[in-house]
Structures are given as structure tokens and as C-alpha cells.
There are 2 protein chains.
Amino acid sequence: MTPSGDRPQVGPEGGAVRAGRVTITDVARAAGVSVATVSKVVNGRYGVAQTTASRVLEVVDQLGYESSLVARSLRRRRTNVIGVLVAEFEPFSTELLKAISKAVEGTGYELLAYSGGGDTSDRVGWERRSLSRLGGTLIDGAVIVTPTVQVPTDDGVPVVAIDPHTGPTGPATVDSDSLAGARMATEHLISLGHTRIGHLGGRRDLESARLRELGYRQAMSDAGLTVDPSLVLTGGYRPDLSDRPTHELLDRPDRPTAVFAANDLSALHVVEVAEELGLRVPEDLSVVGYDDIPEAAAARPPLTTVAQPLREMGAEALRMVISLIESDAPRTGQGHHTRLPTRLVERASTAPPPAS
Amino acid sequence: MTPSGDRPQVGPEGGAVRAGRVTITDVARAAGVSVATVSKVVNGRYGVAQTTASRVLEVVDQLGYESSLVARSLRRRRTNVIGVLVAEFEPFSTELLKAISKAVEGTGYELLAYSGGGDTSDRVGWERRSLSRLGGTLIDGAVIVTPTVQVPTDDGVPVVAIDPHTGPTGPATVDSDSLAGARMATEHLISLGHTRIGHLGGRRDLESARLRELGYRQAMSDAGLTVDPSLVLTGGYRPDLSDRPTHELLDRPDRPTAVFAANDLSALHVVEVAEELGLRVPEDLSVVGYDDIPEAAAARPPLTTVAQPLREMGAEALRMVISLIESDAPRTGQGHHTRLPTRLVERASTAPPPAS
DNA sequence: ATGAAAGCGCTAACAC
DNA sequence: GTGTTAGCGCTTTCAT
């Protein structure tokens with residue numbers, strides 16, 4: 001058969017004209033060798049003649065062949081891809097993603113971010129699904145952001161959880177010191193003279209949310225202040241879930257003079273609602289958030305908040321998965337835990353309470 | 001064989017205890033049926049007895065089985081996953097990602113973001129590689145953010161490019177009106193009284209960068225101002241690449257009184273360098289950026305910039321890929337192009353030039 | 001109603 | 001050096 005026999009047509013720019021992806025079979029046929037040989041050449045294995053190799057490489061180039069990650073990962077053990085699993089791409093997870101992306105440079109790994117929690121139906125347990133769908137094949141390891149349940153450590157790939165479901169137990173985790181952060185936030189409000197302080201809590205299933213509420217309670221109690229139970233509500237870390245509790249907090253004559261929200265997104269929503277109600281921030285109401293996402297500094301007024309070291313947390317989580325991937329030590333149920341410090345960032349959403 | 005024979009061990013909480021992922025074979029074995037039957041049940045196909053189905057489902061639940069995206073996508077046509085391909089996760093691409101993530105809710109698709117440009121070696125052409133690696137199998141369609149080359153439209157999955165390599169030609173694209181935006185930015189500086197205005201350009205391979213420079217030149221020329229060629233440099237949309245040209249702009253006695261940078265990231269770097277040099281922004285130097293990422297509003301001073309409608313752009317791009325995926329019309333080389341309007345956001349990084 | 005078998009694109013043993 | 005073969009986990013005819 002003539003070499004040009006049934007080789008896929010090649011356009012003027014060297015791109016394949018035939019529809020669909022170029023597969024290893026196309027390359028093999030065009031180069032007149034077996035797929036196995038193409039595979040060897042592409043993967044730089046030994047045992048291929050110089051001349052064959054260069055001919056194959058030429059065809060690869062001509063056809064624009066690139067091996068399918070999917071097919072390859074099904075067969076191979078390693079893919080050099082690390083998964084970042086999130087419920088949804090919102091400011092917190094994307095800040096982490098930026099940090100991980102920066103840290104991944106030069107490591108030889110690529111990043112694949114997957115949002116599996118889209119459907120409201122599986123707001124809980126999405127990480128298990130995502131992990132099962134991708135793990136063991138597509139990705140060598142995973143960083144899971146704010147999982148709703150404890151991630152299984154024994155089955156599948158190495159996993160590190162950021163802002164985990166549960167505290168220092170189970171899989172490897174990275175988080176920041178929510179207790180201290182929440183105390184700082186609350187103490188800041190107290191030092192400004194507030195005594196009637198509300199708390200808009202986070203996701204009840206997350207350790208971080210529980211610790212932030214605890215920090216708030218401790219600071220109040222340490223200052224000799226009693227907590228009005230009707231002022232402690234749950235906003236689920238989300239603006240939409242925060243709407244009703246925020247109104248509950250502000251639609252009343254004896255409303256608090258300050259609110260500590262468990263994250264920036266819900267704090268920002270408190271500011272919004274306050275303004276709809278004709279309350280000025282910070283003159284009539286002080287608001288403190290948590291996280292220090294860029295949106296917090298960008299808001300009007302700029303939000304006072306507790307900064308989590310998101311860059312470091314992302315970098316650390318990446319370091320940890322990579323080390324888990326590369327050490328072949330059997331994974332025990334008990335992972336390593338890193339907790340990083342937080343700090344208060346005073347901006348313009350807090351001030352002394354109205355004279356009244 | 002007894003049903004309990006070689007079924008994988010199940011732990012107290014129903015989680016699989018054996019290492020590795022639970023595969024369809026495990027389920028089949030545990031349920032005492034064939035893999036084909038399990039597949040049918042899992043995919044809700046007809047032709048399975050009620051009792052068999054419920055038994056299988058029970059085992060699925062018990063073992064926590066979830067089908068592998070990889071294996072499934074290799075065999076099937078559709079995966080209901082849309083890829084967002086970026087060179088790197090930085091503020092611009094992640095804003096788009098947030099927008100697309102918001103828009104994807106309720107569509108039945110899931111999002112997979114892949115950063116393939118990690119290695120500096122392939123700063124150019126990463127999108128071709130990523131597309132080849134994922135396309136045709138893992139993802140049903142792709143949104144590519146700022147591709148470095150023209151994306152092939154004929155081979156593989158439907159593609160929409162945001163801020164494309166080339167203007168309205170080739171694949172479907174979404175971008176914003178860079179020409180008008182750049183004119184607004186420059187006119188704003190001129191109206192403040194600036195005459196010596198520098199331009200820190202973007203990535204030369206992108207249409208948007210060329211249009212922003214053109215808009216700058218048009219506004220200058222319309223105002224009867226001449227452009228000093230030594231004041232028009234390229235920053236490549238990146239802080240690191242902007243460092244040298246920024247110093248070239250500012251380390252001189254006859255430095256400009258204002259700089260229009262082609263995106264916020266490089267504008268922010270100009271502000272940084274200016275401050276290192278002891279220049280106050282905006283008193284000694286005015287700076288305008290482009291994009292309006294959250295970091296722009298969060299900066300000190302808050303950055304005057306040209307806002308791109310990133311939310312709309314992301315939503316529109318998603319709408320377009322989905323419609324391409326769902327219409328089985330053969331893809332022509334010529335896609336649809338949407339160009340959205342920009343607007344000037346005046347903040348505190350611009351002011352009249354120093355009296356001198 | 002169920003299962004056996006082929007095959008998606010690829011890699012890894014093993015044969016020639 | 002190179003090709004043949006098996007098989008990764010899954011879906012899909014096609015027999016039974």
C-alpha cells in the first residue's frame with residue numbers, strides 16, 4: 001500500500017480536516033506503524049528505531065495529535081493531574097483556586113477544578129460523588145474545599161480537605177484558626193462600645209462555623225456580656241440563605257447595633273439589607289465579616305473582616321496532596337492537620353454604636 | 001454461590017472498606033448479576049425486573065458506587081460536562097468562571113475547569129493541547145478563555161472563545177468593546193488635563209490588546225495629542241511581564257503624568273512600582289486599568305478602570321456552547337460573535353496632572 | 001429479563 | 001525493533 005493510501009486528509013495548515021479527534025490509530029495508520037509503536041514514541045519509551053521515531057513524530061505534528069487524557073488515565077496509574085473539588089465557584093473557592101494555581105507552577109502537575117454541587121438536590125455529599133467520578137482514574141489526588149461530609153480516606157486517591165466538615169480528625173486538613181478569628185472580630189466590636197451584638201452563623205455542618213460561633217460566645221462572655229439567643233442565627237455562608245435571618249435580625253425595634261457574620265458573602269448581604277432598610281453602615285449598624293475575599297475590600301463601605309491566609313492555605317493543601325501522592329506510605333485514616341493564623345482587618349464597616 | 005460469597009466487605013457505616021474505587025464489577029458481583037444489568041439499572045434503562053433493580057440499587061447505595069466519569073465518557077457520546085479552559089487561574093479567568101458557574105445552575109450541565117498553560121514552555125498553544133486532551137471524550141463542549149491561537153472549529157467538540165485571539169472570525173466568540181472602552185479610558189485622562197499619557201499594552205496575540213491600543217491612539221489623535229512612541233510599551237496583561245516596561249515608563253525625567261494599562265493586573269502593578277519610586281497615585285501619576293476585577297475596587301487607591309460585563313460575558317458564552325452542543329447543525333468554520341458594551345468606572349487612581 | 005461480548009483510546013506485557 | 005494481545009470501567013447491541 002502506498003504510504004499516502006488511507007492516511008487522514010491533511011489541510012494546508014497541517015490541521016486534520018476529518019471531523020472528530022485525531023486518535024492514536026489515525027497516527028499509526030498515517031505513519032504505517034502499529035499503535036503500540038506510536039504509544040512508545042509519544043511516551044519516549046526505549047526500543048524504537050531513530051528513523052521510525054522521527055517519522056511518527058512528524059505525523060503527530062502534522063495531524064496535531066494529542067493523547068486523550070481520558071483514555072490514558074483509564075489505563076495508566078498516574079496522570080499528573082490534581083483535582084480541586086468545589087461545590088460551586090464562588091469567591092472563597094476561587095481565591096483558593098488562584099492560590100493553588102500559583103503554587104502548582106513548576107511542580108509538573110496540572111489542575112482540574114470540578115464543581116459537582118450544582119444541583120440543589122445534592123448540596124450534601126457532592127464531594128463523595130465528585131471524588132468517585134474522578135478519583136482512581138482522572139486525578140492523582142484531590143483538594144476538596146468545604147466538604148459537607150467527612151471524606152473517606154481509605155478508598156481511592158489521596159485527599160486534603162480545606163475548611164473541613166469536621167475538625168482535626170480523619171483525612172488531612174488545612175484550615176485557619178476560626179476560634180481566635182471570631183474572638184478578634186467580636187472583641188473588636190466590644191472595644192468599640194457595642195454590647196448588643198448579633199451573630200449570623202455559617203454552615204452548621206462545618207467545624208469552622210461552629211468554632212466561629214463559639215469564639216463569638218467566648219468573647220461576649222469574657223466581656224461580661226450576655227448573648228441574646230434570638231440574635232444568633234444561621235446564614236449558611238450564602239447570601240440567599242442569609243436573607244431571612246438577616247431580616248429577622250434587623251426588622252425589629254431592639255435590633256443589634258452590630259453583627260458579626262461568619263463569612264464575607266453573608267456579611268456583604270447584611271450590609272445590603274441594612275441599606276435597603278435605610279440603616280447606614282457603620283453609623284447605625286456595624287458589620288464584621290470573615291475570610292477577606294477581594295470583594296470585602298471592594299465593597300462600600302469596605303468591610304472590616306477577619307483575614308484567612310488563603311494563599312498559604314491553598315499552597316499548603318497542594319503541598320500536602322503532592323506529598324501524599326508521592327509517598328507510597330499506605331494512607332492511614334488519620335491525616336496531617338495544618339491550622340493557620342488569622343488576623344483582623346479593620347476597615348470602614350465598623351464604628352462605635354449610635355449614641356441613642 | 002451464596003450471595004454473601006465474595007461481595008466486598010462493607011463497613012459499619014456502609015462505606016466500602018476495600019481499597020480503591022468501587023467499580024461496576026464490584027456492584028455486579030455483590031448483587032449477583034452481570035455488569036450489563038447494573039449498567040442498565042444505574043442508567044434507568046428499560047428491561048430490568050423490579051426486584052432485580054431494587055436489589056442492585058441497594059447494593060449501589062451500600063457500596064457507595066458512582067460510575068467513573070472517565071470510563072463512561074470513553075464509551076458514551078454525551079457527558080453533560082462543559083469544560084472551561086484557561087491558561088491559569090488568575091482574577092480575570094476566575095471572574096469568568098464564577099459567572100459561568102452561576103449561569104450553569106439548572107441547565108443540567110456540570111463544569112470542569114482545566115488549566116493547561118502551567119508550563120512556561122507552552123504559553124502558546126495550550127488551548128489546542130487542552131482541547132485535544134479533554135475534547136471528544138470528557139467534555140461535550142468548551143469555553144476557552146483568552147486563547148493564544150485561533151481555535152480549530154472543525155475538529156472535536158463545540159467551542160466558544162472569550163476574548164479571542166482574533167476578532168470576529170473563525171470560531172464563536174464573546175468579547176467586549178475594547179475599542180470604545182480604551183477610548184473612554186483615554187478620554188477620561190485627557191479631560192482631566194493630561195497630555196503626556198503612556199500606554200502599557202496587553203498580549204500582542206490578542207485582538208483585545210490591539211484594539212485597546214488603537215482606542216488609545218484614536219482618542220489621543222482626536223484630541224490633537226501626539227503619541228510619544230517611547231510611551232507605548234507591552235506588559236502582556238501580566239504583572240511580571242509589566243515590570244520592565246513600567247520602569248521604562250516611570251524611571252525617567254520626562255515620564256508621563258498618566259498611564260492607561262490594558263488590564264487591571266498590570267495597572268495595579270504600575271501603581272505598585274510608582275509607589276516604590278516615591279510617586280503618589282493619583283497626585284503624581286494617574287493610572288487607569290481595564291476589566292474591573294474585584295481587586296481593582298479593593299486596591300488602594302481604588303482603581304479607575306473600564307468595566308467589562310464579565311457576568312454577562314460568561315453567561316453568554318455558556319448559552320452559546322450549550323446551544324452549539326444541542327443543535328446538531330454541522331459546525332461551520334464561522335461562528336457567532338457577541339460583543340458586549342463596556343463602561344468607565346471612575347475611582348480614585350485618576351486626578352488632574354500635577355501643576356508642575 | 002438477563003448476560004456475553006465488543007469496543008471506546010490508550011498503555012504495558014509479551015511475542016516475534 | 002516492532003507488532004500482538006489483554007485490559008482499564010463502562011455502555012450497548014445482540015443472543016439467549
Side-chain angles (χ1 to χ4, degrees), chain A residues 8 16 20-56 60 63 65-81 132-140 155-157, chain B residues 8 16 20-56 60 63 65-81 132-140 155-157:
Chain A
R21 284 189 70 260
V22 179
T23 73
I24 197 173
T25 312
D26 299 327
V27 175
R29 189 154 34 212
V33 297
S34 73
V35 289
T37 301
V38 176
S39 175
K40 281 173 195 153
V41 172
V42 168
N43 293 291
R45 297 275 181 279
Y46 293 112
V48 179
Q50 242 335 298
T51 55
T52 315
S54 53
R55 181 157 39 97
V56 169
V60 163
L63 262 40
Y65 168 74
E66 195 73 49
S67 80
S68 157
L69 221 206
V70 170
R72 158 178 297 202
S73 74
L74 195 55
R75 197 64 182 78
R76 250 193 178 181
R77 193 137 214 132
R78 288 278 296 264
T79 59
N80 277 5
V81 175
S132 286
R133 288 170 67 98
L134 306 183
T137 34
L138 234 209
I139 58 180
D140 293 343
D155 99 15
V157 301
Chain B
R21 284 188 68 261
V22 178
T23 74
I24 198 173
T25 312
D26 298 328
V27 176
R29 188 155 32 213
V33 297
S34 74
V35 289
T37 302
V38 175
S39 176
K40 281 171 197 154
V41 171
V42 167
N43 294 292
R45 299 272 179 280
Y46 293 111
V48 179
Q50 238 341 296
T51 54
T52 314
S54 54
R55 181 154 41 97
V56 169
V60 163
L63 261 39
Y65 168 73
E66 195 71 49
S67 81
S68 158
L69 221 205
V70 170
R72 156 179 298 201
S73 74
L74 194 55
R75 196 66 180 76
R76 252 194 178 179
R77 194 140 212 132
R78 288 277 298 264
T79 58
N80 276 3
V81 175
S132 287
R133 288 168 66 95
L134 306 183
T137 31
L138 234 208
I139 58 181
D140 292 343
D155 98 14
V157 300

Evaluate the criterion side chain to side chain contact (heavy atoms under 4.5 Å, CB included) for residue pair A:S132 and B:V22; output intermediate values, then yes/no.
-> CA-CA 8 Å; A:S132 286; B:V22 178; over 6 Å; no
Full working for side chain to side chain contact (heavy atoms under 4.5 Å, CB included) between A:D140 and A:N80 | CA-CA 6 Å; A:D140 293 343; A:N80 277 5; 3.9 Å; yes
Assess whether side chain to side chain contact (heavy atoms under 4.5 Å, CB included) is satisfied between A:L74 and A:V70, documenting all intermediate values.
-> CA-CA 6 Å; A:L74 195 55; A:V70 170; 5.8 Å; no
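Among the atoms of the strands shown, none is found under 4.0 Å from any heavy atom of A:T137. Contacts of B:A36 with the nucleic acid, taken as non-hydrogen atoms under 4.0 Å apart, include base atoms. If you check every strand for non-hydrogen atoms under 4.0 Å, B:S68 touches sugar and phosphate atoms only. B:V70 comes within 4.0 angstrom of nothing in the nucleic acid, heavy atoms only. Backbone-only contact: A:T52 has heavy atoms under 4.0 Å from sugar-phosphate atoms and none from a base.
Atom CG of A:L74 is separated from atom P of D:dC10 by 9 Å (rounded to the nearest Å). One can place CG of B:D26 at 9 Å from P of D:dG9, the figure rounded to the nearest angstrom. Regarding B:R55, its CZ atom lies at a distance of 8 Å from the P atom of C:dT2, rounded to whole Å. The nearest whole Å value for the distance from the CD1 atom in A:I139 to the P atom in D:dG9 is 16 Å. Counting to the nearest Å, the C1' atom of D:dG9 and the CG atom of B:L138 are 14 Å from each other. Computed from coordinates, the A:Q50 CD to D:dT2 C1' distance equals 15 Å when rounded to whole Å.
For D:dT12, one of the phosphate oxygens OP1 or OP2 lies less than 4.0 angstrom from a side-chain nitrogen or oxygen of B:R45. Close to C:dG9, at under 4.0 Å from its OP1 or OP2, lies no side-chain N or O of A:T23. Residue B:Y46 places none of its side-chain N or O atoms closer than 4.0 Å to OP1 or OP2 of C:dT2. Phosphate proximity of D:dG9 to B:T25: absent, as no side-chain N or O sits under 4.0 Å from OP1 or OP2.
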Listing time: all N or O pairs from protein to nucleotides 14-16 of chain C that are below 3.5 Å?
none

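With hydrogens and angles ignored, a donor-acceptor pair under 3.5 angstrom links the side chain of B:R75 to the base of C:dG7.
For A:R55, the side-chain contact (heavy atoms from CB on, under 4.5 Å) partners are A:V33, A:T52, not counting sequence neighbours.
Side-chain atoms of B:S54 come within 3.5 Å of backbone N or O of B:Q50 as a donor-acceptor pair. No donor-acceptor pair closer than 3.5 Å links the side chain of B:T137 to the backbone N or O of B:S73.
Comparing B:V35 and B:R76 along DNA chain C, the residue whose closest nucleotide (by nearest heavy atom) sits nearer the 5' end is B:V35.
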